[in-house]
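One structure below.
Model, not experiment: these values are computed from the prediction. Every chain is numbered from 1, with letters handed out A, B, ... down the list of sequences.
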2 protein chains.
Amino acid sequence: MEVSAYAKDCPSRQILDRIGDTWSVLVVIMLADGPQRYSALAKRIEGVSPKMLTQTLRGLERDGLIGRTVHAEVPPRVDYELTELGRSLLDLVGALEKWAEMHIEDVQAARAAYDNPGVKV
Amino acid sequence: MEVSAYAKDCPSRQILDRIGDTWSVLVVIMLADGPQRYSALAKRIEGVSPKMLTQTLRGLERDGLIGRTVHAEVPPRVDYELTELGRSLLDLVGALEKWAEMHIEDVQAARAAYDNPGVKV
DNA sequence: CTGGATCCTCATAGATACTG
DNA sequence: CAGTATCTATGAGGATCCAG
């Protein structure tokens, strides 16, 4: 079997690109608490710029993972919330966190060993 | 709760950065078949440059996900194989593929709808 | 054969300032 | 408030050459 990095139609690749994105997963996790306003997300997700937040939200919205609701008010108010599809993604994120917690020590130990070849040999 | 993109000590973030990497997951999947030579990997993974392949392999090796065996032969021969830790990652990749297969149609439909706002409204 | 070293370029993250 | 417009710099990644 051969694999192609250009197999863009590969489902896994598409999902991987989305969750591999720095901000997407953070936004999804934030929205797990319930609907949030743009400014709330901006505040809670430390280090994100307006540009990246908007870009991330648009991407998630396009993929049908989150919904966007504009309230006709002054001042403007926009709420974002997880769709059913988005919530299903939480299971995957959960599995990822679980694996990470279970194995992170092994990984870090391996890194330490790799970076300090001389020690304890 | 606040999240920080700079929470580099967050296990999930570290794992995400690794599997979000374009080539890492492909290499891991390739190695699921058994030990492989550098040149075999280079051939099977379409589009990867020697530099990126080496870089990816080093990263995976550093994280303890793959093992590297140099055979004292001429011509040189180097085998890569999954470690136990690496194989455990296959479960996670499997979960990801499963989610992707189950929901990719919804995602693609959402994208189509997003990209063609006028249609069927 | 394996892969290190170097150079280059193109994409994009991020900061900042501005607007409906 | 919720973004958009613009700019810059960083760095991921490709191509190439070379060495053990």
Side-chain angles (χ1 to χ4, degrees), chain A residues 3-8 13-14 16-27 30-31 35-62 66-81 114-115 117, chain B residues 2-8 13-14 16-27 30-31 35-63 65-81 114 117:
Chain A
V3 254
S4 168
Y6 304 114
K8 301 213 196 300
R13 180 79 263 144
Q14 296 182 40
L16 223 34
D17 286 341
R18 171 65 57 211
I19 71 169
D21 175 48
T22 309
W23 306 110
S24 290
V25 173
L26 291 177
V27 169
M30 284 297 95
L31 290 178
Q36 314 262 327
R37 313 182 51 164
Y38 179 92
S39 54
L41 292 170
K43 187 178 178 187
R44 293 179 67 194
I45 302 175
E46 192 181 327
V48 70
S49 65
K51 173 187 166 181
M52 291 316 296
L53 182 55
T54 297
Q55 192 172 304
T56 301
L57 290 168
R58 290 289 179 281
L60 291 170
E61 187 191 357
R62 182 169 111 98
I66 65 174
R68 178 173 183 266
T69 308
V70 182
H71 301 271
E73 299 176 1
V74 175
R77 175 191 180 93
V78 180
D79 278 333
Y80 294 91
E81 62 188 328
Y114 188 91
D115 294 340
Chain B
E2 291 200 355
V3 256
S4 168
Y6 304 115
K8 301 212 196 303
R13 181 75 262 146
Q14 296 182 40
L16 224 34
D17 286 341
R18 170 65 58 212
I19 70 169
D21 176 49
T22 309
W23 306 110
S24 290
V25 172
L26 290 176
V27 169
M30 284 298 94
L31 291 177
Q36 315 261 329
R37 308 184 54 168
Y38 178 91
S39 53
L41 292 171
K43 187 179 178 184
R44 292 180 66 195
I45 303 175
E46 192 182 328
V48 69
S49 65
K51 174 186 167 181
M52 290 316 296
L53 182 55
T54 297
Q55 191 171 304
T56 301
L57 289 167
R58 289 291 175 280
L60 292 169
E61 186 192 357
R62 178 172 182 265
D63 284 359
L65 297 170
I66 65 174
R68 179 172 182 267
T69 308
V70 182
H71 301 270
E73 300 176 1
V74 174
R77 174 194 179 92
V78 181
D79 279 331
Y80 294 91
E81 61 187 329
Y114 188 93

(message) Give me each pair satisfying salt bridge (Lys or Arg N to Asp or Glu O under 4.0 Å) with a member in residues 67-81 of chain A, each pair once, sequence neighbours excluded.
(response) A/R77-A/D79
(message) Within the 4.0 Å heavy-atom criterion, would you say A/Q55 contacts the bases, only the backbone, or no part of the nucleic acid?
(response)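 If one applies the 4.0 Å heavy-atom cut-off, A/Q55 turns out to touch the sugar-phosphate alone, with no base involved.
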(message) For A/T56, give me all partners under side-chain hydrogen bond (donor to acceptor under 3.5 Å, both in side chains), at least two apart in sequence or on another chain.
(response) none
(message) Measuring from atom CG of A/L16 to atom CG of B/D21, what distance do you get when rounded to the nearest 0.5 angstrom?
(response)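 It comes to 9.0 Å.
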(message) Would you compute the distance between atom CD1 of A/I19 and atom CD of A/Q14 and round it to the nearest 0.5 angstrom?
(response) 13.0 Å
Without decimals, in angstroms, what is the distance between [X] [atom1] and [N] [atom2]?
X: A/E46; N: C/dG14; atom1: CD; atom2: P; value: 13 Å
X: B/L53; N: C/dC1; atom1: CG; atom2: C1'; value: 13 Å
X: A/E61; N: D/dA2; atom1: CD; atom2: P; value: 15 Å
X: A/L41; N: D/dA2; atom1: CG; atom2: P; value: 9 Å
X: A/D17; N: C/dA11; atom1: CG; atom2: C1'; value: 15 Å
X: B/M52; N: D/dA15; atom1: CE; atom2: P; value: 12 Å

(request) Could I get the full list of salt bridge (Lys or Arg N to Asp or Glu O under 4.0 Å) partners for A/R58, not counting sequence neighbours? (result)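 Not a single residue meets the salt bridge (Lys or Arg N to Asp or Glu O under 4.0 Å) criterion with A/R58.
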Check this one for me: any side-chain N or O of [X] less than 4.0 Å away from OP1 or OP2 of [N]?
X: A/R77; N: D/dA2; result: no
X: A/W23; N: C/dA13; result: no
X: B/S49; N: D/dG14; result: yes

Show each protein N/O and nucleotides 3-6 of chain D N/O combination with a separation under 3.5 Å, one pair to a line.
from	atom 1	to	atom 2	distance (Å)
D/dG3	OP1	A/R58	NH2	3.4
D/dG3	OP1	A/R68	NH2	2.4
D/dG3	OP2	A/Y80	OH	2.6

Which donor-acceptor pairs under 3.5 Å do side chains of residues 35-42 of chain A form with protein atoms, sequence neighbours excluded?
from	atom 1	to	atom 2	distance (Å)
A/Q36	OE1	A/R44	NH1	2.9
A/Q36	NE2	A/G34	O	3.3
A/R37	NH2	A/P76	O	3.4
A/Y38	OH	A/P50	O	3.2
A/Y38	OH	A/T54	OG1	3.2

(request) Evaluate the side-chain proximity of B/L65 to B/R18: yes if any heavy-atom separation is below 4.5 Å, no if none is. (result) yes
(message) So if I take the C1' atoms of five pairs at each end of the helix from C/dC1-D/dG20 to C/dG20-D/dC1 and get each local axis, what angle do the two axes make, rounded to 10 degrees?
(response)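 One end axis against the other gives 50°.
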